[in-house]
Structures are given as structure tokens and as C-alpha cells.
Amino acid sequence: MRIEDFPRPKDDNGRGVHWSANVYHPKGPALDFWISELQAMKIKWVKVLDDGGGSSLELCERLLAADIMPIVRLYRKTPNPDHIGGREIDTIRRLVAAGVRYFETNNEPDLPAEWRTPMPPNWLEIVVDNFIYDADRVLDAGGYLALPAMGPGSKDNPIELIVRKGRADLFERGCWVAIHNYTLNHPLDYPDDEVNQLGKPLTPEEYHYFGAWAWDNRPLEMINQLRAERKNPGATIYDDPNCFRGYLWTARMIEQALGFMVPIISTEGGPVVGWGDDKRYPKVIPSQQAEWQVQICRFFQEEAPDYYFTCCTWLLASRPLGDFNPAWDQMSWYTHAWDQRFGLNGQLPVVQALKDLPSVSRLAP
């Protein structure tokens with residue numbers, strides 16, 4: 001299969017979102033509001049979770065009817081060190097019959113939390129062997145399977161090992177590569193930005209714009225000291241892929257291992273309010289998240305390489321979709337978690353920003 005052979009939604013603009021962290025979803029009329037909101041934001045790709053028994057079927061049918069492409073992860077709490085079984089294979093067949101094509105059967109296997117057993121030294125070989133097993137069955141059922149996304153910033157190269165095992169054919173038949181390229185609190189041009197490259201000092205105006213909360217109440221002088229100490233002149237995306245542009249590191253890995261490109265899809269990623277991993281930068285505030293998300297959407301509409309299909313930004317909603325995990329609620333677009341701090345009312349400004357942003361099809365000549 002060539003890049004152009006993979007299915008895309010009608011009038012694909014590359015906009016994506018991760019639905020929720022729940023495997024169970026609203027049904028019937030309760031879905032009407034959410035489908036209409038996705039359409040108003042011109043979302044074309046939605047990552048959803050399935051309990052392995054078809055819990056996403058009705059949701060996927062509704063998405064497809066709205067010209068939105070679902071990406072389905074067959075959820076298992078700790079998927080490693082195992083492969084899928086008959087229950088999942090039957091579900092994949094039913095989802096394929098409904099029109100679903102893109103599937104995941106594993107998630108961040110480079111992290112110990114994704115293992116039912118202690119993570120062994122040969123973990124990557126186990127993951128690759130299970131991917132080969134799963135891929136043969138998903139492809140036989142008519143679906144396209146993702147090489148599982150590693151944790152953000154990973155530099156592991158499972159494709160090279162798959163090629164050594166003589167199974168490069170899987171990527172000729174429909175397998176693709178999932179990534180989790182969160183921005184963290186890095187600007188979209190990281191690591192090329194002036195703070196990372198040159199240690200550009202923070203101005204008082206910038207400091208006050210974001211507010212002391214965004215800097216963890218650290219004084220401006222301390223932040224500038226960190227910027228000076230941690231600058232990385234000459235650093236490239238291949239030195240530090242822990243940012244949105246991490247897809248470039250993955251693309252080079254694919255090209256070097258296979259000699260041809262396959263689709264890359266961010267099944268998680270993008271900017272999340274409150275994240276502040278890199279102390280040289282402020283925590284992500286709602287207005288900045290909206291600005292970055294709009295830039296990401298414009299990037300997909302105007303300049304993204306043809307192999308980079310979408311970024312399913314984390315996270316559409318939690319509590320309104322039946323998931324009451326407070327951590328996920330804070331990361332959602334539809335949430336009351338930030339109402340008091342930022343004067344909001346149940347949704348982040350990213351929602352209206354995407355509704356206001358015109359859609360441009362990537363499929364147009």
C-alpha cells in the first residue's frame with residue numbers, strides 16, 4: 001500500500017481529537033450533542049477506546065455517518081506481555097464490517113505501567129513479536145494495525161527489529177505507526193526556539209501575562225537562570241523529540257528502516273492545559289492551548305507532509321462522557337476544572353477557536 005491508498009475521511013483537513021479515556025460511551029440520542037460539536041469544530045479524526053467486545057460500535061457508526069474517521073484502540077488495562085485473542089479478533093471483524101479501518105492493540109509498551117508482569121530486559125522483542133501476531137490477524141480481518149506508540153520522547157526503534165525478523169511486509173500491507181507527541185509546555189517550534197537554543201531571557205511583561213501560577217510562583221530571576229543553564233545551542237529534533245515535532249524523528253526512523261513511508265498518526269498528543277514539565281517555560285494556560293491547537297490545525301491543512309495524517313489531541317471530555325477520573329477531567333476540553341481560575345464556564349476556549357477556524361481539505365488539488 002502507498003500513502004494515498006489508505007482511507008481518509010471526506011474533505012479531510014487533518015483535525016483530530018481523542019474522545020475520552022472511557023471504554024463505554026453514550027448511546028442513541030445522547031450522542032447527538034457530541035456529534036454536532038465535533039462537526040462544528042470540523043473534527044475529521046477521533047480516537048476512541050473499545051472494551052474489546054464492541055463497546056465502541058455504535059459510536060463508530062455515528063462517527064462514520066458524520067464523515068469522521070474513527071481510530072479504535074482495543075483496550076486492555078495492561079496489554080503486555082500478551083497479544084490479542086479471539087474476543088478482540090471477533091470485535092475487529094464487526095468494526096471492519098461497520099467501516100472502521102484503523103486499530104491499536106497496544107499502548108506505550110516502553111513504560112512499566114503497561115505490563116501485567118515486571119517489565120523484562122527483552123521487552124522490545126516481546127512487543128515486536130506480539131505486534132507481528134496481532135498485525136497478521138488484523139490485516140486478515142480487513143483492518144490496518146498501528147505499530148504501538150511509545151511514551152512521549154521515546155527513541156526506541158521497533159521497526160528495525162521487525163525488518164530483521166523478516167516482516168517488513170506488514171507495512172506494505174497496511175500497518176502504520178502511532179505516536180504520542182504531546183507538546184508538554186514546549187512551543188510548537190521546539191527545540192529550535194530561542195529559549196532552548198539561546199537561553200533567551202524572560203521579560204517582566206511575559207512573566208505577568210501568564211501569571212505567577214504558570215511559573216509555580218518562581219521569581220523571574222530564577223527562571224532566567226534556568227534558561228541560561230539549560231540552553232542547548234545546535235540541538236535538533238533528533239536530539240530531543242519530546243515535543244509536537246517529534247513526528248519528524250519517527251519519520252526518519254521509518255524511512256531508514258523500511259526505505260518507504262507509511263502513515264504516522266498521533267493517537268494522543270497536542271497541548272494540555274496545566275502541563276509544565278519544562279521549568280524554563282510557563283505552564284500551558286487555556287488561551288495558549290487554543291492558540292497552539294489552531295496552529296496545529298493550520299499546519300495539517302496547509303503544510304503537513306502527506307504521511308502525517310492527524311494528531312488526535314488529548315482530550316475531548318471526561319465527566320460528561322462518564323469518566324470521573326479527576327486527572328483526565330483537568331485535561332479535557334469540556335470541563336469545569338478550570339472555571340474558577342480562568343473565568344470559564346464548562347469548556348476551554350479551544351472549542352470556540354476550532355469552530356471559528358475555517359476548514360480546508362488536504363485532499364483538494
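Values reported hereafter were calculated over all heavy atoms of this structure, with side chains retained and with hydrogens, waters and symmetry mates removed.
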Do NZ/NE/NH1/NH2 and the carboxylate oxygens of [X] and [Y] come within less than 4.0 Å?
| X | Y | result |
| --- | --- | --- |
| Asp50 | Arg76 | no |
| Asp306 | Arg362 | no |
| Arg93 | Asp90 | no |
| Arg173 | Asp136 | yes |
| Lys10 | Asp12 | no |
| Arg245 | Asp189 | no |
| Arg62 | Glu58 | no |
| Glu104 | Arg73 | no |
| Arg116 | Asp82 | yes |

Do [X] and [Y] pair up side chain to side chain, a donor and an acceptor below 3.5 Å, judged on atom types alone?
| X | Y | result |
| --- | --- | --- |
| Glu114 | Asn80 | no |
| Ser154 | Asp156 | yes |
| Asp356 | Gln352 | yes |
| Asn13 | Ser359 | yes |
| Asn181 | Ser266 | yes |

For residues [X] and [Y], establish whether the separation of their ring centroids is below 6.0 Å.
| X | Y | answer |
| --- | --- | --- |
| Trp213 | Trp338 | yes |
| Tyr182 | Trp275 | yes |
| Trp115 | Trp123 | no |
| Phe103 | Tyr144 | no |
| Tyr308 | Phe300 | yes |
| Phe244 | Phe299 | yes |

Can you confirm whether [X] sits close enough to [Y] that some side-chain heavy atom of one is under 4.5 Å from a side-chain heavy atom of the other?
| X | Y | value |
| --- | --- | --- |
| Cys175 | Val262 | no |
| Asp216 | Lys283 | yes |
| Cys312 | Thr310 | yes |
| Ser318 | Tyr334 | no |
| Phe131 | Leu170 | yes |
| Tyr209 | Ile285 | yes |
| Phe33 | Leu38 | no |
| Tyr102 | Lys47 | no |

Of all heavy-atom pairs between [X] and [Y], which one has the smallest distance, and what is that distance?
| X | Y | answer |
| --- | --- | --- |
| Asn106 | Pro148 | CB-CB, 3.7 Å |
| Leu363 | Asp11 | CD1-N, 4.2 Å |
| Asn232 | Gln197 | O-OE1, 3.6 Å |
| Asp51 | Arg87 | O-NH1, 2.9 Å |
| Ile237 | Tyr190 | CD1-O, 4.2 Å |
| Pro120 | Ile126 | CG-CD1, 3.6 Å |

Consider only side-chain heavy atoms of I, L, V, M, F, W and Y, link residues closer than 4.5 Å, and tell whether [X] and [Y] are in one cluster.
| X | Y | value |
| --- | --- | --- |
| Ile35 | Leu49 | no |
| Val23 | Trp314 | no |
| Leu315 | Tyr75 | no |
| Val96 | Met69 | yes |
| Val48 | Met331 | no |

Qualifying residue, where the test is side chain to side chain contact (heavy atoms under 4.5 Å, CB included) with Asp278 and the options are Asn185, Val195, Asn242, Leu184:
Asn185

Passes side chain to side chain contact (heavy atoms under 4.5 Å, CB included), Phe324 versus Asp329? Steps please.
CA-CA 7 Å; Phe324 296 92; Asp329 186 46; over 6 Å; no

For Tyr207 and Trp215: C-alpha separation, side-chain torsions, deciding distance, then whether ring-ring contact (aromatic ring centres under 6.0 Å, His included) applies.
CA-CA 8 Å; Tyr207 182 90; Trp215 304 101; 5.8 Å; yes

Evaluate the criterion side chain to side chain contact (heavy atoms under 4.5 Å, CB included) for residue pair Val177 and Ile159; output intermediate values, then yes/no.
CA-CA 9 Å; Val177 178; Ile159 300 181; 4.0 Å; yes

Expected output: side-chain [X] to main-chain [Y] donor-acceptor under 3.5 Å:
| X | Y | value |
| --- | --- | --- |
| Thr236 | Tyr238 | yes |
| Arg218 | Lys279 | yes |
| Ser332 | Thr335 | no |

Is there a salt bridge (charged side-chain N to carboxylate O under 4.0 Å, His left out) between Glu37 and Lys355? Walk through the geometry before answering.
CA-CA 9 Å; Glu37 287 294 280; Lys355 290 179 179 180; 3.0 Å; yes

Apply side-chain hydrogen bond (donor to acceptor under 3.5 Å, both in side chains) to Thr105 and Asp134, showing your working.
CA-CA 7 Å; Thr105 57; Asp134 290 356; 2.8 Å; yes

Do other residues, nucleotides or ligands put more than 12 heavy atoms under 6.0 Å from the CD atom of Glu303?
yes

Glu108/His180 under side-chain hydrogen bond (donor to acceptor under 3.5 Å, both in side chains): CA gap, chis, key distance, verdict
CA-CA 9 Å; Glu108 298 186 351; His180 289 173; 2.6 Å; yes

Between Gln225 and Glu229, is a side-chain hydrogen bond (donor to acceptor under 3.5 Å, both in side chains) present by the stated rule, with each step listed?
CA-CA 6 Å; Gln225 182 180 349; Glu229 292 172 351; 3.0 Å; yes

Evaluate side chain to side chain contact (heavy atoms under 4.5 Å, CB included) for Leu357 paired with Arg15, printing each intermediate quantity in order.
CA-CA 11 Å; Leu357 180 67; Arg15 296 191 197 183; 3.3 Å; yes

What verdict does the side chain to side chain contact (heavy atoms under 4.5 Å, CB included) test give for Val128 and Asn130, after you've listed the backbone C-alpha separation in whole Å, the side-chain angles of each residue and the deciding distance to 0.1 Å?
CA-CA 5 Å; Val128 163; Asn130 286 331; over 6 Å; no

Is there a side-chain hydrogen bond (donor to acceptor under 3.5 Å, both in side chains) between Ser36 and Gln39 once you walk through the steps?
CA-CA 5 Å; Ser36 65; Gln39 291 178 311; over 6 Å; no

